[in-house]
Amino acid sequence: MAEVTMPARYSPHEVEERLMREWLDRGAFRAASEPSGPTYSIVIPPPNVTGSLHMGHALNGTIQDVLTRYHRLRGESALWLVGTDHAGIATQNKVEGRLAAEGLRKEDIGREAFDRRVWEWREQYGSTIINQLKRLGCSCDYDRERFTMDDAYHAAVLKVFVDLYEKGDIYRDVYLVNWCVRCGSAISDLEVEHVERADRLYYVRYPVVGADDFLTVATTRPETMFGDTAVAVNPDDPRYGRYVGMTAIVPLVGREVPIIADEHVDPAFGTGALKITPGHDPNDAEIARRHGLPGISAIGFDGLLNEEAGEFAGRDAEEARAAIVSRLTDHGLFERAEEYTHSVGTCYRCGTVIQPLLSLQWFMDMKRLAAPAIECVEDGRVGFVPDRWADVYLEWMRGIRPWCLSRQLWWGHRLPVWYCDDCSKVVVAVEAPTSCPDCGGTLRRDEDVLDTWFSSAMWPFATLGWPESTPELKSYYPTSALSTARDILYLWVARMIMMGLEYLDDVPFRSVIVHPTILAADGRRMSKSLGTGIDPLELIDEYGADATRFGLLYMSSVQDVRFSAERIEMGRNFANKLWNASRLVLQGAHPEAVPAIELATPADRWIFSRLGVVSVELAQLYESFDFAEAARLGYRFVWNEVCDWYLEMAKSRLYGDSEAERLQVSGNLLALLERITGLLHPMMPFVTAEVYRNLPRASPGEGHQGAAGAGAVGADEDAVDLLSSRFPEGDPAWADADAESGMESFIAVVAGLRSAREELGVPRGAVGRVWIVTSDPGRASALTGEPGALRQLAGCEIAGVVCDEGDVPAGRFTSVDAPGLKVLLPLEGLVDVEKERARLMGRAEKAKADVARASGKLANERFVVNAPAEVVAQEQERLAAGRAQLADIARQYRERLGEELPS
RNA sequence: GGGCGAUUAGCUCAGGGGGAGAGCGCUUCCUUGACACGGAAGAGGCCACUGGUUCAAAUCCAGUAUCGCCCACCA
């Protein structure tokens, strides 16, 4: 390798921009239409076209990219399909806002022009979020970008609507729907967000006809009384039994309505009497249905009271409340009001309080489609991660209710429904009919569009070309995994499962990953309006994409987590660590070295044994979606094992005099680094790819066991691109339990020696000639086989190895314990008596505590009888070791300090 | 009203029946030829509370408290 010039600090932005451009230019993320081998596929939860990347997208994008890159490295044909959702209300609001800035309303320009404006808007801003995904390093197949309003997609949506209509699942009916006055549209039950609100409960008197009496009802919404069609009491309520069957007068309206008995009424609530407003309350509508009562609408789609409200007609319903109460007071019909906290439905898009209104809408009955969608989760064809979400899903699915599909918007998939002006014919068809098939009359198309989620429900197959039988559909459906936030489990995930089973006769994905919600640092939701949001792009700017990804993964354990910038910083430091490790290797390596594994020393055997284990574990973690643990493992292995120990130990050979050793250790270092880049690439694509491309390579045909992805070496460009390599597999031959336990001793010895030197104030640079005391030659060889490292790291040379401490020449030593052996460090003239006394006392305390605990346990007969043999044996070992250590300390105390160890 | 999750070091979080872990922060030292976004040595926890199961509980069970989320027709 020629001169390597690498800055001491990894600078992510230059690398990220350059590599991403290269990858995109050469189509590295493109998935073949008809791949020959195994495939892997993910469809992205399509963000709103109006959207920009937030923390949830960043985490979710990272997770999906880890999976895609991992499986791509596995040699699978990996497709990560991206796209955006037309997001009916959200987008329409945005464009209406722009019109408003020009002093226009959408009605001023008309539907067609408005549609054009939306498309223009989309041209201009619709790719923002997609570009932001690129900054994160997401390896989506950008050439296959889809939009839920693409022509082909639209055709698929119409086909499904018509089909479900013909099957009888979709129907039109008058029903109480959730009406958002601000959006001017119905929304589905799932789009209603309930929020707690401090309100008042009003007690209003309804005079009973033919009795000089009245019934007092409690209501939070007196303004709905204009729609009252009954007063209800509980049938078992003794207070009111005599009134049932009589009638009452609705105050201010004067309407005479029946007094009915219904189980639903809770005698304990309020007065036990309930006014029934079927036109504006779902419960009341239910009761009215049971009793055959009519519904009256007193509030219009504009949220204003209508002519039913008499003098209040034309006033905003909620705003008129006070006036109504005051008028009731005038009539002596208002009793009192009390403070009352309850939850009110609001529009999840704009927060406006929902007005339940009777309205003619299109609905979809979900029962038929739900059955197989329940089954496929029960039998495990679709799995949830974490799996408790399966229960949440199933519970909702079992109680599923009809879905209000129609939206009174302009932006969206317009219903393929026509009404005849002349007869009452309803035509539902994919192709626009020219005239009424029954009477030849003129047809009018339904003005409404479909709920955005109706088209989203088809995302896993409509994006792959359905209903055409495309090669993509064949290759990539069902998809492999779906990663999503939990708040769209019902809105989206459940509906995709139903639609997938209905139209492809197979589940849309095998696994649903429900990733955690990232909360603001103070524990609240991250939200722009609260000012608690953190922009992931700012993190990428400050720390780099790899750091952002790593930090997000690290904190993405199974539960919700508060965002901590320290985690991202940790990722940045880690990327920098990896970068600098590669600097050490590349700058220090023998100029002719190429990746080549030759297990020559205990450290070599140890690190490759560990590499093998870690390779398997990381693969398992990626496959089981445990990304937080994968991040931890990668971090620990690279930092605490490779950098802290192997690289440090390798230095003595790397900078040593032996050319052969230098070449040999260089080969190991390069091979190790090469594999690490592959292992970490799914999580940190940029820094790993950049390091990888700097590695020297064996010339073709030279054949050595070190080249990762040896089979992939082809064109020059590919040869240096980590994306074209293979996920590193460990060689089973590397497994070496002795090397691992030997290294355990080595690390304990070095740490112990350093600690002792520190505590005793041994001057830096002083070299100690240590004796190793052990009866286990394997353990000893971990030290004797690494003399250079021992000298470098602990400042010690080995004087000799003995089985028995008695064989060590007389002298003053301090001892360091390690698994399987003990090391004696000569003290000579440099012992500080006070320090050594403190040190020995400290060790003695600990040893005594060990002995006390172990002997206590072993004295307990029930422990000895019941505990597993190995646990008892372990305790016996502890006892023995503790006693030996104590004796040892006592002896040292005597020899060194000329005192007896205080007891 | 039902359900789920959380409660571990100053902070953010792992762990999950046999001697408490990480990162940051803190103390002391170190600008040695990968890295101060670094290195070395340390300090710092009755693992929310109360009971139970067990030879053994931070870990399993029950209950309590606090926080968060979801579902529900709380007028």
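Just so you know, these numbers come straight off a predicted model, no measurement behind them. In what follows, every heavy atom counts, from backbone to side chain, and hydrogens, waters and symmetry copies are set aside. Proteins get letters first, then strands, A, B, ... in listed order; numbering begins at 1 in each.
- Residue A/Arg562 places at least one side-chain N or O closer than 4.0 Å to OP1 or OP2 of B/rU12.
- Inspection of the A/Glu758 and A/Ser755 side chains reveals no N or O donor paired with an N or O acceptor under 3.5 Å.
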Considering only nitrogen or oxygen atoms on both sides, find all protein atoms under 3.5 Å from nucleotides 55-58 of chain B and state each distance.
from, atom 1, to, atom 2, distance (Å)
B/rC55, O4', A/Arg862, O, 3.4
B/rC55, O4', A/Asn866, ND2, 3.4
B/rC55, O2', A/Asn860, ND2, 3.2

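- Atom OH in A/Tyr202 sits about 20 Å away from atom P in B/rC74, given to the nearest Å.
- Among the heavy atoms of the strands lying under 4.0 Å from A/Ala273 is at least one base atom, whether or not backbone atoms are also near.
- For A/Arg757, the side-chain hydrogen bond (donor to acceptor under 3.5 Å, both in side chains) test picks out no residue, with sequence neighbours left out.
- With sequence neighbours excluded, no residue satisfies salt bridge (Lys or Arg N to Asp or Glu O under 4.0 Å) with A/Glu870.
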Watson-Crick or G-U pairs under 3.5 Å in RNA chain B, rendered as dot-bracket with [ ] for crossing pairs and | for another strand: (((((((..((((....[..)))).(((((.......))))).....(((((..]....))))))))))))....

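- Between A/Leu584 atom CG and B/rU32 atom C1' the separation is 14 Å, expressed in whole Å.
- Atom-to-atom distance recorded for A/Asn234:CG and A/Arg239:CZ is 9.5 Å, nearest 0.5 angstrom.
- A salt bridge is absent between A/Glu617 and A/Arg636: the closest approach of a Lys/Arg side-chain nitrogen to an acidic carboxylate oxygen does not fall below 4.0 angstrom.
- Taking 4.0 Å as the cut-off between side-chain N and carboxylate O, A/Arg843 and A/Asp817 count as a salt-bridged pair.
- Counting non-hydrogen atoms under 4.0 angstrom, A/Arg401 reaches the backbone sugars and phosphates but no base.
- Rounded to whole Å, the distance from CH2 on A/Trp579 to P on B/rC35 is 13 Å.
- Here, B/rA20 and B/rG25 have their P atoms 27 Å apart, quoted to the whole Å.
- The distance from atom OH of A/Tyr340 to atom C1' of B/rA75 is 7 Å, rounded to the nearest whole Å.
- Taking the nucleotide of RNA chain B with the nearest heavy atom to each of A/Leu274 and A/Ala581, the more 5' of the two is matched to A/Ala581.
- A salt bridge links A/Arg486 to A/Asp560: one of the charged nitrogens lies within less than 4.0 Å of a carboxylate oxygen.
- With hydrogens and angles ignored, the 3.5 Å screen pairs no side-chain donor or acceptor of A/Gln792 with any backbone N or O of A/Lys651.
- Remark: A/Ser343 is not in phosphate contact with B/rC74, judged by side-chain N or O atoms under 4.0 Å from OP1 or OP2.
- Taking atom CG on A/Leu489 and atom P on B/rC70, their separation rounds to 12 Å, with Å as the unit.
- Across all strands, A/Val265 comes closer than 4.0 Å to base atoms (heavy-atom distances).
- A/Phe550 comes within 4.0 angstrom of no nucleic acid atom, judged by non-hydrogen atoms across all strands.
- The CG atom of A/Leu519 sits 11 Å away from the C1' atom of B/rA6 (whole-angstrom rounding).
- Of the possible polar contacts, one joining the A/Arg495 side chain to the A/Leu491 backbone as a donor-acceptor pair under 3.5 Å is found.
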Protein proximity profile, nucleotides 36-42 of chain B - base contact B, sugar-phosphate-only contact S, no contact -, cut-off 4.0 Å on heavy atoms: -BSSSSS

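- The 5' end of RNA chain B is approached more closely, in terms of each residue's nearest nucleotide, by A/Ala521 than by the other of A/Val392 and A/Ala521.
- Residues A/Tyr10 and A/Trp579 place their aromatic rings such that the two centres sit under 6.0 Å apart.
- Protein atom CZ of A/Arg567 is 11 Å distant from nucleotide atom P of B/rU12, rounded to whole Å.
- Computed from coordinates, the A/Arg388 CZ to B/rC69 P distance equals 15 Å when rounded to whole Å.
- Using a 4.0 Å cut-off on heavy atoms, the residues of residues 870-879 of chain A that approach RNA chain B are A/Val871, A/Arg878, listed by number.
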